[in-house]
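Below is one structure, written out as structure tokens, with a few remarks after it.
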Amino acid sequence: MEKKVRVRFAPSPTGPLHIGGVRTALYNYLFAKHYNGDFILRIEDTDQTRLVPGAEEFIYDSLKWCGFEPDESPLHGGPYAPYKQSDRKPIYKTYAEQLLNSGKAYYAFDTPEELENIRKNFEAEGKTFIYNQETRLNLNNSLTLSNEEVQKKLQNHENYVIRLKIDGNEDIEFQDLIRGDVKFNKLQVDDKVLLKSDGMPTYHLANVVDDFLMKITHVIRGEEWLPSTPLHILLYQALGWEEDMPKFSHLPLLLKPSGKGKLSKRDGDQLGFPVFPLSWKDPKTGEKSSGYREEGYLPEAFVNFLVFQGWNPGTEQEIFSLQELSKIFSLEKVHKAGAKFDIKKAVWFNEHYLRCASHERILPLLKEELKKTDWLVSDENLLKAFFLMKNRISFHKELFTKGKFLFQEPDHFDWNTIEKKFHPNILSILTKIHDKWSIQNEWKSEILEIDFKELVENFQEKLGNVLPLLRNALTGESSGPNLFEIAVFLGKFETIKRIFSFIETLNQKFTYKY
RNA sequence: GCUCCGUUCGUCUAGAGGUUAGGACCCAAGAUUUUCAUUCUUGUAACAGGGGUUCGAUUCCCCUACGGAGUACCA
């Protein structure tokens with residue numbers, strides 16, 4: 001029987017989860033769901049010095065917003081709990097000792113400063129220092145020290161790390177589900193630190209141990225891990241878990257729009273688009289970064305956009321729900337090369353989802369935005385306003401900026417256009433329409449349109465000369481949604497009021513000229 | 001430097017020896033629209049370069065160039 005597919009997303013809470021991480025989570029989620037498998041969230045907080053308060057929360061909130069609920073996580077629990085590596089500390093030590101006892105690992109007492117010095121010296125000679133079978137015999141470790149010396153150091157509580165002992169010069173080959181055959185030579189793999197001097201494991205040990213214990217079948221992670229995969233394989237072998245080794249897949253990176261380097265946290269708002277799913281305030285510096293959610297992206301648009309950065313279905317369909325994606329997602333369709341990030345497509349996706357949004361979908365979001373204003377608008381009117389504006393906005397919150405005139409009298413006019421079109425005749429037409437509409441009891445857009453067109457015809461004016469003025473009266477703009485529908489939305493009282501005050505304004509501005 | 005990975009329109013990508021190299025975004029033009037937007041139609045635009053292999057290479061191999069990643073007691 002095939003093993004049940006189990007994948008994990010294993011971020012470390014050293015800062016806000018960024019968009020590349022979200023995509024990794026997305027691909028993991030889709031892969032798991034495609035095979036009816038489990039999607040596990042594991043928090044990799046083994047570097048106690050880099051923990052950032054709030055970062056872990058941020059991960060939960062981000063996944064939730066995107067709609068990738070983990071089957072198991074520190075929050076959800078699960079059969080292999082705990083899911084936070086700092087809570088698993090003793091486990092790693094056991095396995096590190098197992099390796100020590102079987103001669104597959106050794107103690108090393110070199111201090112970070114000593115190693116740094118050696119690295120510098122090597123660099124000065126144009127060489128790279130690697131702590132491996134070629135150099136370790138000149139260093140301070142249990143392979144070079146006598147047993148008594150080692151015991152003494154341990155008893156004195158001298159700082160030590162445990163390193164994996166790698167011997168031989170064979171190639172380590174493996175099948176990457178995205179990249180195909182990949183091989184590295186053992187000589188290039190260094191005797192990596194497994195257990196740090198603070199007793200915490202490094203990523204490599206913790207990762208392998210947890211993936212094994214949590215019965216992970218597929219490791220889907222960023223390309224930055226490709227070079228350390230041979231080390232992980234060696235670790236599986238050293239621990240005797242080769243049979244249960246997961247399959248590896250390395251995702252292409254998300255690159256800066258310039259293509260120079262991977263999209264990083266620092267790019268943030270400098271480039272004019274968010275790199276985080278949610279907004280984030282740095283607890284140390286207080287620096288704020290924008291998020292897709294706060295910018296007004298709908299999560300379904302964000303996810304749909306993101307899935308295409310490095311993957312495609314092989315068909316020409318582009319609009320997919322998360323559920324549809326999980327049906328058709330496959331790792332073979334993941335591109336190998338990094339994708340330069342282009343926000344324009346994301347905006348397009350948002351516009352698309354906005355235009356298709358149902359009342360139920362959009363109303364809560366609109367109400368949330370409405371709270372930021374001091375306008376009182378009924379749900380019904382909010383929706384009416386949205387449907388009036390939705391074809392000309394990219395984000396729902398723009399309803400309250402680009403469609404401001406729907407909720408309050410215009411606070412500005414497009415004088416450029418007004419001055420071009422203005423003519424005393426037009427003032428008369430505006431006055432007439434004001435009078436006519438004042439006694440119009442059937443307040444429907446078709447009727448209002450007929451009223452207006454008749455008047456314009458009587459004056460032998462062109463529609464295009466008068467309409468922009470009337471539009472300015474109602475909206476302060478020279479273009480926008482159907483004007484008569486706007487009038488209906490505003491209601492008779494408000495419409496007439498705005499026309500009246502616009503006539504006053506025009507009178508004040510132009511009387512001296514004529 | 002060394003190791004590994006990669007390279008199709010400006011961008012995201014389809015393509016898995018024989019295609020007028022397809023789609024989407026962007027941009028431009030036209031139609032519709034009182035305007036703007038939407039929608040529809042059309043257009044511009046790509047196989048990094050050089051060698052092989054082959055009757056035939058975007059597709060397979062090699063080299064070069066370019067790009068990326070890794071090279072920590074960080075993940």
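Residue numbers start from 1 in every chain, and the chains themselves are labelled A, B, ... in the order their sequence lines are given, proteins ahead of strands.
Applying the 6.0 Å contact sphere to CD of Glu114(A) captures more than 12 heavy atoms from other residues, nucleotides or ligands.
For the side-chain hydrogen bond (donor to acceptor under 3.5 Å, both in side chains) test, residues two or more places apart in sequence or in another chain that qualify with Glu324(A) are Ser321(A). Residues meeting the ring-ring contact (aromatic ring centres under 6.0 Å, His included) test with Tyr353(A), sequence neighbours left out: none. Residues passing the ring-ring contact (aromatic ring centres under 6.0 Å, His included) test with Phe459(A): none are found, sequence neighbours excluded. Listed by chain and residue number, nothing satisfies the ring-ring contact (aromatic ring centres under 6.0 Å, His included) test with His335(A) (two or more places apart in sequence, or in another chain). Residues satisfying the ring-ring contact (aromatic ring centres under 6.0 Å, His included) test with Phe109(A), not counting sequence neighbours, are none. In terms of the side-chain hydrogen bond (donor to acceptor under 3.5 Å, both in side chains) criterion, residue partners of Gln85(A) (sequence neighbours excluded) are, by chain and number, Glu44(A), Asp210(A).
Residue Asp47(A) places its side chain closer to rC74(B) than to any other of rC73(B), rU35(B), rC74(B). With rA75(B), rU3(B), rA72(B) as the choices, the nucleotide that has an atom nearest any side-chain atom of Phe184(A) turns out to be rU3(B). Picking from rU38(B), rU35(B), rC73(B) the nucleotide with the shortest atom distance to the side chain of Asn391(A) gives rU38(B). Distance from the side chain of Arg50(A) is smallest for rA75(B) among the nucleotides rA72(B), rG6(B), rA75(B). Of the candidates rA75(B), rA37(B), rC73(B), rC73(B) carries the atom nearest the Pro112(A) side chain, counting heavy atoms from C-beta on. Closest to the Trp348(A) side chain, of the nucleotides rA24(B), rA75(B), rC73(B), is rA24(B).
Residue pairs that meet the side chain to side chain donor-acceptor pair (under 3.5 Å) test with at least one member in residues 471-482 of chain A, sequence neighbours left out, are His412(A)-Glu477(A), Asp414(A)-Ser478(A), Thr417(A)-Ser478(A), Asn472(A)-Ser478(A). For the side chain to side chain donor-acceptor pair (under 3.5 Å) condition, the pairs that include at least one residue of residues 180-189 of chain A, sequence neighbours left out, are Glu170(A)-Lys186(A), Asp171(A)-Asn185(A), Gln175(A)-Asp181(A).
The cationic atom of Lys165(A) (NZ for Lys, CZ for Arg) does not lie both less than 6.0 Å from the six-membered ring centre of Tyr106(A) and within 45° of the ring axis.
In terms of position on RNA chain B, the residue among Val182(A) and Pro481(A) whose nearest nucleotide sits closer to the 5' end is Val182(A). Comparing Ala108(A) and Glu449(A) against RNA chain B, the residue whose closest nucleotide sits nearer the 5' end is Glu449(A).
Spacing of C1' atoms, rU54(B) relative to rA45(B), comes out at 31 Å, to the nearest Å. One P atom belongs to rC47(B), the other to rC12(B), and the distance between them is 16 Å to the nearest Å. Between the P atoms of rC61(B) and rU53(B), the separation comes to 16 Å (whole Å).
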At a cut-off of 3.5 Å, list every protein nitrogen or oxygen paired with a nitrogen or oxygen from nucleotides 42-49 of chain B, distance to 0.1 Å.
none

Atom pairs, protein N/O to nucleotides 11-15 of chain B N/O, distance under 3.5 Å:
{"from": "rU11(B)", "atom 1": "OP1", "to": "Lys340(A)", "atom 2": "NZ", "distance (Å)": "3.2"}
{"from": "rC12(B)", "atom 1": "OP1", "to": "Lys340(A)", "atom 2": "N", "distance (Å)": "2.7"}
{"from": "rC12(B)", "atom 1": "O2'", "to": "Phe308(A)", "atom 2": "O", "distance (Å)": "2.8"}
{"from": "rU13(B)", "atom 1": "OP1", "to": "Gly310(A)", "atom 2": "N", "distance (Å)": "2.8"}
{"from": "rU13(B)", "atom 1": "O3'", "to": "Asn312(A)", "atom 2": "ND2", "distance (Å)": "2.9"}
{"from": "rA14(B)", "atom 1": "OP1", "to": "Asn312(A)", "atom 2": "ND2", "distance (Å)": "2.8"}
{"from": "rA14(B)", "atom 1": "OP2", "to": "His335(A)", "atom 2": "NE2", "distance (Å)": "3.0"}
{"from": "rG15(B)", "atom 1": "OP1", "to": "Lys333(A)", "atom 2": "NZ", "distance (Å)": "2.7"}

*Contact state string [nucleotides 62-70 of chain B, B base, S sugar-phosphate only, - no protein heavy atom under 4.0 Å]*: -----SSSS
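Rounded to whole Å, atom C1' of rU3(B) lies 15 Å from atom CD of Glu173(A).
Minimum heavy-atom separation, Trp348(A) to Glu318(A): CH2-OE1, 4.3 Å.
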Got a list of side-chain donor-acceptor pairs under 3.5 Å for residues 396-403 of chain A, not counting sequence neighbours?
{"from": "Lys397(A)", "atom 1": "NZ", "to": "Glu294(A)", "atom 2": "O", "distance (Å)": "3.0"}
{"from": "Glu398(A)", "atom 1": "OE1", "to": "Ser394(A)", "atom 2": "N", "distance (Å)": "2.7"}
{"from": "Glu398(A)", "atom 1": "OE1", "to": "Phe395(A)", "atom 2": "N", "distance (Å)": "3.3"}
{"from": "Thr401(A)", "atom 1": "OG1", "to": "Glu398(A)", "atom 2": "O", "distance (Å)": "3.1"}

